[in-house]
Amino acid sequence: MALAIILVLLIICFLFFKRQVGIPFIAMIAGLSVYNGFGASFAEFIQKLIPVLDLALVQNILYLIFVAIIPLVLYFRVGHSNLFSVLRIIGSIIFAMMLTVLVSGIVATYLSFDTLTGQIVGWINGLNNILMVVGVIFAYVEIFVSR
């Protein structure tokens, strides 16, 4: 239920504010790449500086910063979308679904999943690669179309 609520809230938020999702989507992919490349070693470095912190907690915080928080901050900093309403709605849904998929692992470690959430995660994870490709294409189109 937690992921369903997160997904619905993100979609409503993105539809309400009507901002561009292209740049935040590219930032989300860049954050994922940076975390995959350097996240573990950076988390170990932070954990050595502050030994009280658990390594898994530091990794989860870094993951959320790179993959979710920075793209969300960018979302609220970019201008309004110039796309037609149908394309803007599709872009908002794709961005919300991808963000939900990427944070679902961390949400699962701290909250238990019910059957509805498990079905949603399974369905979206099955579409993960397709969502990524369509999202990147959509992000590039939106970046080129925006002023």
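Sequence positions, counted from 1, serve as the residue numbers for this chain. Nothing here was measured: the structure is a model prediction, and the numbers come from that model.
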Please round to the nearest 0.5 Å and tell me the distance separating atom [atom1] of [X] and atom [atom2] of [Y].
X	Y	atom1	atom2	value
Ile69	Leu74	CD1	CG	12.5 Å
Leu15	Ile89	CG	CD1	6.0 Å
Lys18	Ser92	NZ	OG	10.5 Å
Thr100	Leu9	OG1	CG	9.5 Å

Inset, instruction - Would you check if Met28 and Leu72 make a side-chain contact, meaning some heavy-atom pair closer than 4.5 Å? - result: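 Met28 vs Leu72: side chains apart.
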Legend entry - Beyond-backbone contact of Leu99 with Phe25, side-chain heavy atoms, under 4.5 angstrom: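 Leu99 vs Phe25: side chains apart.
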Inset, instruction - Indicate yes or no for a side-chain donor-acceptor contact from Glu142 to the backbone of Gly22 under 3.5 Å, with no hydrogens or angles considered. - result: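 Here the side-chain-to-backbone pair exists.
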Legend entry - Test item: Arg19 side-chain N/O and Val78 main-chain N/O as donor-acceptor pair under 3.5 Å: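 At least one qualifying donor-acceptor pair exists.
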Inset, instruction - Can you sort out the partners of Leu131 under side-chain contact (heavy atoms from CB on, under 4.5 Å), two or more places apart, ordered by chain and number? - result: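 Leu131 satisfies side-chain contact (heavy atoms from CB on, under 4.5 Å) with Ile94, Met97, Met98, Ile124, Leu127 only.
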Legend entry - For Val8, all residues meeting side-chain contact (heavy atoms from CB on, under 4.5 Å), sequence neighbours excluded: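 Val8 satisfies side-chain contact (heavy atoms from CB on, under 4.5 Å) with Ile12 once adjacent residues are dropped.
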Please tabulate, one pair per line, all N/O donor-acceptor pairs under 3.5 Å involving side-chain atoms of residues 55-66, not counting sequence neighbours.
| residue | atom | partner | partner atom | Å |
| --- | --- | --- | --- | --- |
| Asn60 | ND2 | Ala56 | O | 3.4 |
| Asn60 | ND2 | Tyr110 | OH | 3.0 |
| Tyr63 | OH | Leu102 | O | 2.7 |

Legend entry - Nearest heavy atoms of Ala27 and Pro71, plus distance in Å: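 Nearest heavy atoms, Ala27 then Pro71: C-CG, 4.0 Å.
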Legend entry - For Cys13 against Phe76, the heavy-atom pair lying closest together: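 In this case the closest contact between Cys13 and Phe76 is SG-CZ, 3.7 Å.
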Inset, instruction - Please identify each residue that fulfils ring pair (Phe, Tyr, Trp, His ring centres under 6.0 Å) with Phe16, with sequence neighbours left out. - result: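 Not a single residue meets the ring pair (Phe, Tyr, Trp, His ring centres under 6.0 Å) criterion with Phe16.
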Legend entry - Contacts of type ring pair (Phe, Tyr, Trp, His ring centres under 6.0 Å), residue Phe14, not counting sequence neighbours: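 For Phe14 the ring pair (Phe, Tyr, Trp, His ring centres under 6.0 Å) partners, ignoring immediate neighbours, are Tyr75, Phe95.
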Could you list the donor-acceptor pairs under 3.5 angstrom formed between side-chain atoms of residues 36-49 and any protein atom two or more places apart in sequence or on another chain?
| residue | atom | partner | partner atom | Å |
| --- | --- | --- | --- | --- |
| Asn36 | ND2 | Leu32 | O | 3.3 |
| Ser41 | OG | Phe38 | O | 3.1 |
| Gln47 | NE2 | Leu53 | O | 3.2 |

